[in-house]
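We use all heavy atoms of the structure for the numbers below, so side chains are in, but hydrogens, waters and symmetry mates are not. On a predicted model such as this, the values are computed, not experimentally measured, just so you know.
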Amino acid sequence: YEDCSWSYDHLKFICRDGAAQLPSPLYVFQTDGSMGGTRQIAKIDLSSVNGLVWAGYPRFSPDGTEIVFLGSKFAGFSVSLDVFIVDAAGKTAPKLVASNPDFMDTTFSSPRYSPDGKEILYAKDSGLWIVNADGSNPRNLAPPPASQGLLSPDMSTLYYASNGCIYKANIDGTNPVCILRANVGELMDVSPNGEFLSYEAPPGNTQAGGNLYGNIYIATAGGANPEQTNGSDWASW
């Protein structure tokens with residue numbers, strides 16, 4: 001299983017089956033918090049999406065009823081990377097929210113719901129965007145190469161990665177400030193209390209360490225006190 005992430009209540013998590021034939025189905029698991037206390041509760045079949053060849057980076061909606069994920073489809077002689085939402089119980093077909101033939105962001109923390117579940121953040125060739133969860137009213141928040149957008153739990157602050165920096169801005173993208181410049185590859189998550197950020201810095205970064213997949217770091221929400229963890233490649237609070 002790959003690309004796993006927790007639900008907001010931390011009682012469920014979702015993963016894609018990296019060993020399955022394309023497109024990989026998504027699986028929802030429930031846990032009681034004990035070792036081995038986990039069971040599969042849903043399989044989300046994506047075969048109804050015409051032309052879908054890959055799906056990944058699933059994230060729950062705040063209420064746990066829906067999942068947003070990134071899907072790859074053939075579009076003529078090119079590949080289109082699109083944003084879909086689907087019922088977390090796997091009982092309905094996925095719904096297309098945003099379609100972008102030039103979609104460039106396939107990384108960890110995009111797309112994802114806003115903390116109130118009303119909007120979805122995603123990135124494409126023209127930068128970081130936010131759209132209503134029904135696919136209406138897309139708005140640009142930051143210019144390219146901005147990606148990996150996150151909103152703080154209280155929805156007062158926007159964070160995103162761009163040009164090796166983590167930026168902090170107003171939720172409409174205004175007044176951006178680089179709070180951490182450390183050859184940042186991906187901005188991965190914000191802690192549930194809003195006090196910390198997790199991010200990935202690739203091999204050869206300016207900080208200590210480095211491995212094939214990139215190191216996971218934790219810093220304060222203000223960009224201070226970055227510390228390397230034991231993890232690499234992927235992180236989800």
Side-chain angles (χ1 to χ4, degrees), residues 3 5 56-59 68-72 79-85 97-116 118-133 135-191 194 196-202 204-207 214-224 226 233-237:
D3 302 347
S5 61
Y57 307 113
R59 291 278 182 168
V68 63
F69 67 92
L70 190 66
S72 175
V79 175
S80 173
L81 289 167
D82 306 318
V83 178
F84 296 87
I85 59 173
V97 173
S99 180
N100 300 285
D102 298 318
F103 205 135
M104 71 170 186
D105 178 53
T106 60
T107 46
F108 298 110
S109 58
S110 190
R112 65 167 60 205
Y113 282 91
S114 59
D116 63 4
K118 296 180 179 180
E119 297 166 307
I120 293 171
L121 287 151
Y122 65 99
K124 60 178 183 177
D125 63 317
S126 54
L128 182 66
W129 290 73
I130 193 168
V131 64
N132 293 345
S136 64
N137 193 27
R139 290 97 68 200
N140 182 241
L141 297 179
S147 61
Q148 294 92 43
L150 301 169
L151 290 174
S152 60
D154 63 2
M155 295 190 62
S156 67
T157 305
L158 170 69
Y159 300 98
Y160 61 90
S162 185
N163 287 317
C165 265
I166 293 177
Y167 281 86
K168 180 179 180 180
N170 297 331
I171 59 172
D172 61 359
T174 58
N175 299 322
V177 176
C178 176
I179 60 171
L180 180 61
R181 185 183 297 276
N183 197 21
V184 174
E186 327 293 351
L187 175 60
M188 293 183 175
D189 217 346
V190 58
S191 63
F196 300 95
L197 301 172
S198 62
Y199 66 96
E200 180 263 346
N205 65 74
T206 57
Q207 302 189 40
N215 299 311
I216 306 302
Y217 293 84
I218 304 294
T220 70
D233 189 43
W234 174 259
S236 174
W237 245 293

Discussion item. Working to the nearest 0.5 angstrom, can you tell me the gap between Asn140 CG and Lys124 NZ?
Written reply: 8.5 Å
Worksheet item: Would Arg139 and Glu119 satisfy side-chain contact (heavy atoms from CB on, under 4.5 Å), going step by step from the backbone distance to the final call?
Response: CA-CA 11 Å; Arg139 290 97 68 200; Glu119 297 166 307; 2.3 Å; yes
Worksheet, complete the sentence: Closest heavy-atom pair, Gly56 versus Asp3, reported as atoms and distance to 0.1 Å, is CA-OD2, 3.8 Å
Item to complete: Of all the heavy-atom pairs spanning Pro58 and Ser5, show the shortest one and how long it is.
Response: O-OG, 2.7 Å
Worksheet, complete the sentence: Heavy-atom closest pair (Gln148 atom, Ala161 atom, distance to 0.1 Å) is OE1-CB, 3.4 Å
Worksheet item: side-chain contact (heavy atoms from CB on, under 4.5 Å) between Leu128 and Leu158: does it pass, once the steps are laid out?
Response: CA-CA 11 Å; Leu128 182 66; Leu158 170 69; 4.1 Å; yes
Item to complete: For residues Tyr113 and Ile85, determine if any side-chain heavy atom of one lies less than 4.5 Å from a side-chain heavy atom of the other.
Response: yes
Worksheet item: Looking at Tyr57, Tyr122, Phe69, which hits ring pair (Phe, Tyr, Trp, His ring centres under 6.0 Å) with Phe84?
Response: Phe69
Practice prompt. Side-chain contact test, heavy atoms from C-beta onward, threshold under 4.5 Å: evaluate it for Val68 versus Val83 and give yes or no.
Written response: yes
Practice prompt. Any chance you could lay out the side-chain contact (heavy atoms from CB on, under 4.5 Å) test for Leu141 and Tyr160, step after step, and finish with the verdict?
Written response: CA-CA 10 Å; Leu141 297 179; Tyr160 61 90; over 6 Å; no
Worksheet, complete the sentence: The reported gap from CD1 in Ile171 to CG in Leu151 (rounded to nearest 0.5 angstrom) is 7.0 Å
Worksheet item: Minimum heavy-atom separation for Asn170 to Asn175, with atom names?
Response: ND2-ND2, 3.0 Å
Worksheet entry | Taking every non-hydrogen atom, the tightest pair across Cys165 and Arg181 | SG-CZ, 3.4 Å
Response to the item:
So CG of Asp189 and OH of Tyr159: to nearest 0.5 Å the spacing works out to 12.0 Å
Worksheet item: How far does CG of Leu180 sit from OG1 of Thr220, to the nearest 0.5 angstrom?
Response: 8.5 Å
Practice prompt. Answer yes or no: is there a donor N or O on one side and an acceptor on the other, between the side chain of Ser152 and the main chain of Thr157, under 3.5 Å?
Written response: yes
Worksheet, complete the sentence: Separation between CG (Leu187) and CD (Glu200), nearest 0.5 Å, reads 11.0 Å
Response to the item:
What one should report as the nearest heavy-atom pair of Pro153 and Ser191 is CG-O, 3.6 Å
Worksheet item: So Trp237 and Ile218, side-chain contact (heavy atoms from CB on, under 4.5 Å) or not? Walk me through it.
Response: CA-CA 11 Å; Trp237 245 293; Ile218 304 294; 3.8 Å; yes
